[in-house]
Colleague: 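Take a look at the following structure, please.
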Amino acid sequence: MLIPLVQGIRKFAMSAAQKPQIVFVLGAPGSGKGTICKNIVENYKFIHLSAGDLLREEQNTEGSEHGDMIKEYIKLGKIVPVEITCGLLKKAIEKSGASRFLVDGFPRNQNNLDGWEKVMSQCVDVKFVLFLDCSEEVCTERCLNRGAQGSGRTDDNLDSLKKRFNTYSNETMPIIKYYEGKGMVERVDSNRTLPEIFEDIKKIFTPFISQS
Ligand SMILES: Nc1ncnc2c1ncn2[C@@H]1O[C@H](COP(=O)(O)OP(=O)(O)OP(=O)(O)O)[C@@H](O)[C@H]1O
Ligand SMILES: Nc1ccn([C@H]2C[C@H](O)[C@@H](COP(=O)(O)O)O2)c(=O)n1
Ligand SMILES: [Mg+2]
């Protein structure tokens, strides 16, 4: 059975001023989402929630009814149905009780976006999307290096990466464009070195924190 998303929603209802603030972090596989979120957490008061990490954790949880399905989806670079992913995110947000979250790798497709809006739009405040823009060539090299360094990820190989990039171009880019249309995207060129990227991150997050 899928995790019931509406469970506990009343507990989570709060006034606009108290709503947790969300920054979505999107970009191709290997564009640096996890690395840059770690840097943001070190410098600003945010909790980092990676949808991919939550799914991998669920996949490895003994007795999980979704484990086998998640494993198959991840290997094929396909996007897991939102009931599972959004359920995991919602649970983590509620459990943390923090006020600012970086939601990394979500929403990845229209199903993710629809599921999120249905269940979360009343209880959280999505502030903007941090889009880490990086070429496929650079991303592929980074993921293959990560695999060679022992990431243990079943999808850090050329076969899975090709599928993940297809999913990214066909399903995630339209979501980034949707938020662009709403004037909500902060784009950072993440082909560059980490110090260069962090300079841009500072220019985005310092004013955001001081205004919010
Ligand atoms: N700007 C950078 N320059 C060089 N290496 C980088 C840079 N950013 C990230 N890396 C390295 O590239 C690899 C992928 O980075 P990271 O895990 O942060 O990407 P990601 O976007 O979270 O990927 P995924 O979508 O696969 O989870 C890691 O080994 C990381 O150390
Ligand atoms: N919203 C999401 C996020 C991730 N997944 C699955 C499919 C991805 O290829 C995999 C790895 O994610 P990453 O760690 O690269 O962000 O996890 C998903 O189905 N839905
Ligand atoms: Mg990641």
Side-chain angles (χ1 to χ4, degrees), residues 2-3 22 24-42 48-60 66-90 92 102-116 119-120 129-176 188-201:
L2 296 176
I3 295 167
I22 307 287
F24 288 138
V25 182
L26 292 175
S31 56
K33 299 181 293 297
T35 306
I36 287 154
C37 285
K38 188 166 175 275
N39 170 269
I40 297 169
V41 166
E42 282 163 5
H48 172 212
L49 297 176
S50 154
D53 287 350
L54 288 170
L55 287 167
R56 280 184 284 273
E57 201 181 303
E58 177 69 16
Q59 172 199 297
N60 295 326
H66 308 302
D68 289 343
M69 180 202 190
I70 295 172
K71 196 177 288 177
E72 198 56 22
Y73 270 71
I74 287 183
K75 206 163 144 221
L76 295 175
K78 282 168 55 180
I79 305 302
V80 172
V82 69
E83 287 80 4
I84 296 173
T85 317
C86 196
L88 294 169
L89 286 168
K90 182 171 176 285
L102 298 166
V103 175
D104 157 358
F106 187 96
R108 250 349 204 260
N109 65 4
Q110 192 64 45
N111 170 259
N112 274 190
L113 180 58
D114 292 344
W116 172 273
V119 173
M120 301 296 282
V129 175
L130 177 63
F131 169 35
L132 302 177
D133 197 0
C134 196
S135 74
E136 180 168 343
E137 197 188 356
V138 169
C139 287
T140 302
E141 197 189 324
R142 286 183 191 165
C143 289
L144 292 177
N145 274 339
R146 187 174 58 184
Q149 284 165 11
S151 69
R153 285 181 55 154
T154 54
D155 57 356
D156 276 344
N157 59 76
L158 217 42
D159 193 35
S160 289
L161 278 165
K162 284 202 178 112
K163 294 175 178 142
R164 291 164 70 195
F165 271 101
N166 267 339
T167 303
Y168 172 70
S169 308
N170 297 332
E171 300 187 39
T172 311
M173 271 315 292
I175 303 301
I176 296 168
V188 170
D189 175 0
S190 71
N191 290 288
R192 299 170 298 160
T193 65
L194 288 171
E196 287 171 317
I197 297 169
F198 295 155
E199 274 308 304
D200 282 1
I201 294 292

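Here the structure is a predicted model, which means the values were calculated and not measured. Values below: every heavy atom of this structure, side chains too, minus hydrogens, waters and symmetry copies. Sequential numbering from 1 along the given sequence is applied to the chain's residues. Whatever order the structure lists ligands and atoms in, that order sets their numbers, starting from 1.
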Colleague: Would you mind checking if Asp53 and Arg153 are paired as a salt bridge, meaning a charged N to carboxylate O distance below 4.0 Å?
Modeller: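 Judged by the 4.0 Å cut-off on N to carboxylate O distance, Arg153 and Asp53 do not form a salt bridge.
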Colleague: Atom 19 (O) of ligand 2: which protein heavy atom is closest, and how many Å away?
Modeller: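 Result: Val80 N, 2.7 Å.
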Colleague: Going by heavy-atom distance to atom 15 (O) of ligand 2, choose the closest among Glu171, Arg153, Lys78.
Modeller: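 The residue whose heavy atom sits nearest atom 15 (O) of ligand 2 is Arg153.
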Colleague: Which atoms from ligand 2 have a heavy atom of Gly105 less than 4.0 Å away?
Modeller: 1 (N), 2 (C), 3 (C)
Colleague: For the CD1 atom of Ile40 and the CG atom of Leu130, what is their distance to the nearest 0.5 Å?
Modeller: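 If we round to the nearest 0.5 Å, Ile40:CD1 and Leu130:CG are 5.5 Å apart.
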Colleague: Can a donor-acceptor pair be found between the side chains of Gln110 and Asp114 at a distance below 3.5 Å?
Modeller: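 Result is yes, a qualifying pair exists.
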Colleague: In terms of residue, atom name and distance, what is the protein heavy atom nearest to atom 18 (C) of ligand 2?
Modeller: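 The answer is Leu55 CD1, 3.4 Å.
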Colleague: Do the rings of Phe24 and Trp116 sit parallel, tilted or perpendicular, given the 30° and 60° boundaries?
Modeller: perpendicular
Colleague: More than 12 heavy atoms of other residues, nucleotides or ligands under 6.0 Å from CG of Asp68: is that the case?
Modeller: no
Colleague: One residue to check: Ile79. Relative to ligand 2, which of side chain, backbone, both or neither has a non-hydrogen atom less than 4.0 Å away?
Modeller: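 For Ile79, backbone and side-chain atoms both sit under 4.0 Å from ligand 2.
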Colleague: Considering only heavy atoms, does Arg56 approach ligand 2 within less than 4.0 Å through its side chain, its backbone, both, or neither?
Modeller: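 The answer is the side chain.
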Colleague: Which bit of Lys75 is near ligand 2, meaning a heavy atom under 4.0 Å away: side chain, backbone, both or neither?
Modeller: neither
Colleague: For each nitrogen or oxygen atom of ligand 1, which protein N/O atoms lie closer than 3.5 Å, and how far apart are they, rounded to 0.1 Å?
Modeller:
residue: ligand 1; atom: 1 (N); partner: Arg142; partner atom: NH2; Å: 3.3
residue: ligand 1; atom: 1 (N); partner: Arg192; partner atom: O; Å: 2.9
residue: ligand 1; atom: 17 (O); partner: Arg146; partner atom: NH1; Å: 2.7
residue: ligand 1; atom: 18 (O); partner: Gly34; partner atom: N; Å: 3.3
residue: ligand 1; atom: 18 (O); partner: Thr35; partner atom: N; Å: 2.8
residue: ligand 1; atom: 18 (O); partner: Thr35; partner atom: OG1; Å: 2.5
residue: ligand 1; atom: 19 (O); partner: Gly32; partner atom: N; Å: 3.3
residue: ligand 1; atom: 21 (O); partner: Ser31; partner atom: N; Å: 3.3
residue: ligand 1; atom: 21 (O); partner: Gly32; partner atom: N; Å: 3.0
residue: ligand 1; atom: 21 (O); partner: Lys33; partner atom: N; Å: 2.8
residue: ligand 1; atom: 21 (O); partner: Lys33; partner atom: NZ; Å: 2.9
residue: ligand 1; atom: 22 (O); partner: Gly34; partner atom: N; Å: 3.0
residue: ligand 1; atom: 23 (O); partner: Gly30; partner atom: N; Å: 2.9
residue: ligand 1; atom: 23 (O); partner: Arg146; partner atom: NH1; Å: 3.3
residue: ligand 1; atom: 25 (O); partner: Lys33; partner atom: NZ; Å: 2.7
residue: ligand 1; atom: 26 (O); partner: Arg146; partner atom: NH1; Å: 3.4
residue: ligand 1; atom: 26 (O); partner: Arg146; partner atom: NH2; Å: 2.7
residue: ligand 1; atom: 26 (O); partner: Arg153; partner atom: NH2; Å: 3.3
residue: ligand 1; atom: 26 (O); partner: Arg164; partner atom: NH2; Å: 2.7
residue: ligand 1; atom: 27 (O); partner: Arg153; partner atom: NH1; Å: 3.0

Colleague: Any side-chain donor-acceptor pair under 3.5 Å between Asp189 and Asn191?
Modeller: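 Asn191 and Asp189 do have a side-chain donor-acceptor pair below 3.5 Å.
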Colleague: Which option, Lys163, Lys33, Arg108, Arg164, owns the non-hydrogen atom nearest atom 13 (P) of ligand 2?
Modeller: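 Among Lys163, Lys33, Arg108, Arg164, the closest heavy atom to atom 13 (P) of ligand 2 comes from Arg108.
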Colleague: Under 4.0 angstrom from ligand 2, any heavy atom of Phe106?
Modeller: yes
Colleague: Which value, rounded to the nearest 0.5 Å, describes the distance between Leu26 atom CG and Asp133 atom CG?
Modeller: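 One finds 11.5 Å between CG of Leu26 and CG of Asp133.
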Colleague: Would you say that more than 12 heavy atoms from the other residues, nucleotides or ligands in this model lie under 6.0 Å from the CD of Glu42, or not?
Modeller: yes
Colleague: Can you pull out the closest protein heavy atom to atom 10 (C) of ligand 2? Residue, atom name and distance to 0.1 Å, please.
Modeller: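 Here the nearest protein heavy atom works out to Ile74 CG1, 3.9 Å.
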Colleague: Once rounded to the nearest 0.5 Å, what's the spacing between atom CD of Glu136 and atom NZ of Lys162?
Modeller: 9.0 Å
Colleague: Select one of side chain, backbone, both or neither to describe which atoms of Asn112 lie under 4.0 Å from any atom of ligand 2, heavy atoms only.
Modeller: side chain
Colleague: Answer yes or no: are there more than 12 heavy-atom neighbours, outside Lys75 itself, under 6.0 Å from its atom NZ?
Modeller: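 It does not: Lys75 NZ has 12 such atoms or fewer within range.
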Colleague: Of Asp155, Leu161, Asn157, which is the lone residue that meets side chain to side chain contact (heavy atoms under 4.5 Å, CB included) with Asp159?
Modeller: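 Among Asp155, Leu161, Asn157, the one meeting side chain to side chain contact (heavy atoms under 4.5 Å, CB included) with Asp159 is Asn157.
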